[in-house]
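One-based numbering, in listed order, for ligands and for the atoms of each. In this chain, residues are counted from 1 in sequence order.
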Amino acid sequence: MNHEKIKNDYIKKISELKKLNKSYYQNNQPLITDSEYDSLKNDILNLEKKYKFLNHKDSPSKIVGFKPSKNFNKVSHKVPMLSLANAFSEEDLLNFEKKIINYLNQKKDFKIEYSAEPKIDGISASLVYKKGKFITGLSRGDGKEGEDITENLKTIKDIPHKISRNDFPEEIDIRGEVFIQNKDFKKLSDKFANPRNAASGSLRQKNPMDTKKIPLKFIAYTFGFEKGLKIKKQTEFLQKLSLWGFRTNSLNKLIIGTKNLMDNYNYIENNRSELDFDIDGIVYKINQFDLQKRLGFVANAPRWAIAHKFSANSGVSKIIDIDIQVGRTGALTPVAKINPINIGGVIVSNATLHNEDEIKRKDIRIGDTVLVERAGDVIPHIVSVDLKKRKKKSQEFIFPEKCPSCNSKTVKEFNLITKKKDAVRRCSSEGFECEKIAIEKIKHFVSKEAFNIEGFGKKIVENFWNLKLISLPQDIFQLDYSKIEELDGWGRQSVLNLKYSIETSKKISFDRFIYALGIRHIGLENAKLISKHLRTSKNFYELSLENRVEDLLNLDGIGETQINSIRNFFSNKTNQKVLNELKKILSIDNFIEPKKDGLLRNKTFMLTGKLNGISRAEAKSIIEKNSGSIISNVSKKLDFLVVGDKPTKKKVDRAKELKVKILSQSDLLKMINMTS
Ligand code: IVH
């Protein structure tokens, strides 16, 4: 690779990091997960290590945090607030120790004493005390200058305003972490992604009275400037802190040797979910201050300390309960309710257990200590059980024989293709008769690929169901809007928007209508096949009345399983009622053979944002009728991104990056000569 390219790549990463820092530190808004952030930061540091010609004033090797916000006065730290280097494995720890021994010119068997302190995942603050009086409190800011948040910090009960012990130094900056306990975070969890954001957001309120409302805590662990501190070791300092009236971490320990550091690390990681605050690793500090002084600093971190981080995509927690969820097709899915745990910046309190067989195979029980993994956007799952931690009294989990929602019998079906019994157990009720299935069926009915009723999300379905506003799909089209307007969180405009989405959705293509019914084994593809074959919804209705479902057997892709499922669907009384009612309300388009040589042939499209006067579903079908095809993510294969009102910024940015053409609604209509 040539220098130019490496440099460009490096600068791009730095400006990405700057953007993320700004959002995170100034607006308390993380744009990516902590592990993604760490990996970007590591990439930059590794590039600098490998290519010595790289350097930048905004590099994470030079800066910590972000420059202070304009809301507060800036004040210089008398001694800068630094960052820590990270270790992720035992090997990293061995290297850390080796480097220290070399630097101090000691023999290989030199025993290093460490102060091992759980690393609280909060916001650091520096408290300036003069003659025992709390004078100024600063945030870290960019490490050199912090924000004056004295008044906000004074609202925290753990911070003493006056210390009158005579061994308290004449002047000292006490440094530590401001954080929020998990139990208190629960009340704020709809406003912030994780406890750290909640702490940061609360701490930097313009009005200290707003900070006071939030039960913030402070744990002290180090000092900055000092005059008159007569102590030789970090562990002694921690003891003094607690005598002076500061809260310290009860899990702090004095440890010798990397093997013992590992044991302590594993112990704390395994018991992390029992703590009522988030920690994201353990900080190790060389205990003797004289050695710390000799070791000094590299760039913006001390040579005498390191943060041993926990895994960013997994964590240990305990199963509090096992819930059985009932899906749209009646499948019973066991979900483990676990002690909430912060995995890479995301709070995880549920983990899927997949199915009955999986529970049996892994012998997962309520009360078990388990390893939970969360990768990307996939639902977290349980990797393994720590059998050593299992209580003697623990009992095998018995999967329910009856549906937990409607009490119907549950069955494991025989799969015609695999010639085996399914791993999944299902509720044998006929659909809308089971409450949980009915709710899921309505969610499916309004979903994107089906009726695509914008603003009618899953939460709203549940809410309307509980308020008895809906119980069957047709109820959606006969809502009492005056009642909705009175509900919490609704206003005139939002009700008008909902009404508009519902009204526009009444005109629907035939294939989407079939798909929306949620007949088992009839997904989008099969719905398309059936609509193409039957052409009109009238034919579909006749098929149901005349019991001629077998006619569909001629279609490629429709087999016995699908036929049985459609027949079952039609024979159910509630479904018949739903079909009859919908017939009266909807305007279902006949199937239109997409033109192969239409104006949009060989072109791919994607839609984002709200369109004007037509639903997204209709726009998609217009594109398809003109031989264009729809794809579901922005990639090099995409030719056009059609942008409506309030588009997803990420999609637009990505499209610009890939030089995908961006169209407005009217640009699109012009392309097919439907100028508005
Ligand atoms: S010592 C030069 N001790 O971790 C020493 N930091 O990445 C730097 N932290 O900014 C701080 N617990 O916000 C230290 N026991 C502890 C800590 C701790 C949490 C945070 C702190 C710091 C960051 C370093």
If you count the atoms of ligand 1 from 1 in the order shown, which ones are under 4.0 Å from a heavy atom of [X]?
X: I120; answer: 12 (N), 19 (C)
X: S124; answer: 10 (O), 13 (O)
X: V283; answer: 16 (C), 17 (C)
X: E117; answer: 3 (N), 15 (N), 16 (C)

How close does the nearest protein non-hydrogen atom get to [atom], and which residue and atom is it?
atom: atom 13 (O) of ligand 1; value: E177 OE1, 2.8 Å
atom: atom 7 (O) of ligand 1; value: L84 N, 3.5 Å
atom: atom 6 (N) of ligand 1; value: Y221 CE1, 3.3 Å

Exercise. Check R140 against ligand 1 and report side chain, backbone, both or neither, counting heavy atoms closer than 4.0 Å.
Key: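 Contact part for R140 vs ligand 1: side chain (C-beta onward).
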
Exercise. With heavy atoms under 4.0 Å as the rule, classify the contact between K119 and ligand 1 as side chain, backbone, both or neither.
Key: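 Both backbone and side chain.
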
Please confirm whether [X] approaches ligand 1 to less than 4.0 Å, judged on its heavy atoms.
X: P302; result: yes
X: R175; result: no
X: K285; result: yes

Exercise. May I ask you to decide if E274's main-chain N or O and N271's side chain share a donor-acceptor pair within less than 3.5 Å?
Key: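 It does not hold such a pair.
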
Side-chain donor-acceptor pair present, [X], [Y], cut-off under 3.5 Å:
X: S124; Y: E177; value: no
X: N342; Y: D278; value: yes
X: Y284; Y: H308; value: yes
X: N260; Y: T258; value: no
X: Q234; Y: Y221; value: no

Practice problem: Determine, step by step, whether K217 and D158 satisfy the salt bridge (Lys or Arg N to Asp or Glu O under 4.0 Å) criterion, reporting the C-alpha distance in whole Å, the side-chain angles of both residues, the deciding distance to 0.1 Å, and the verdict. | Solution: CA-CA 6 Å; K217 301 278 182 298; D158 292 335; 5.6 Å; no

Exercise. Evaluate the side-chain hydrogen bond (donor to acceptor under 3.5 Å, both in side chains) criterion for residues E226 and Y129: first the C-alpha distance (whole Å), next the side-chain angles of each, then the deciding distance (0.1 Å), finally the verdict.
Key: CA-CA 9 Å; E226 56 81 17; Y129 283 86; over 6 Å; no

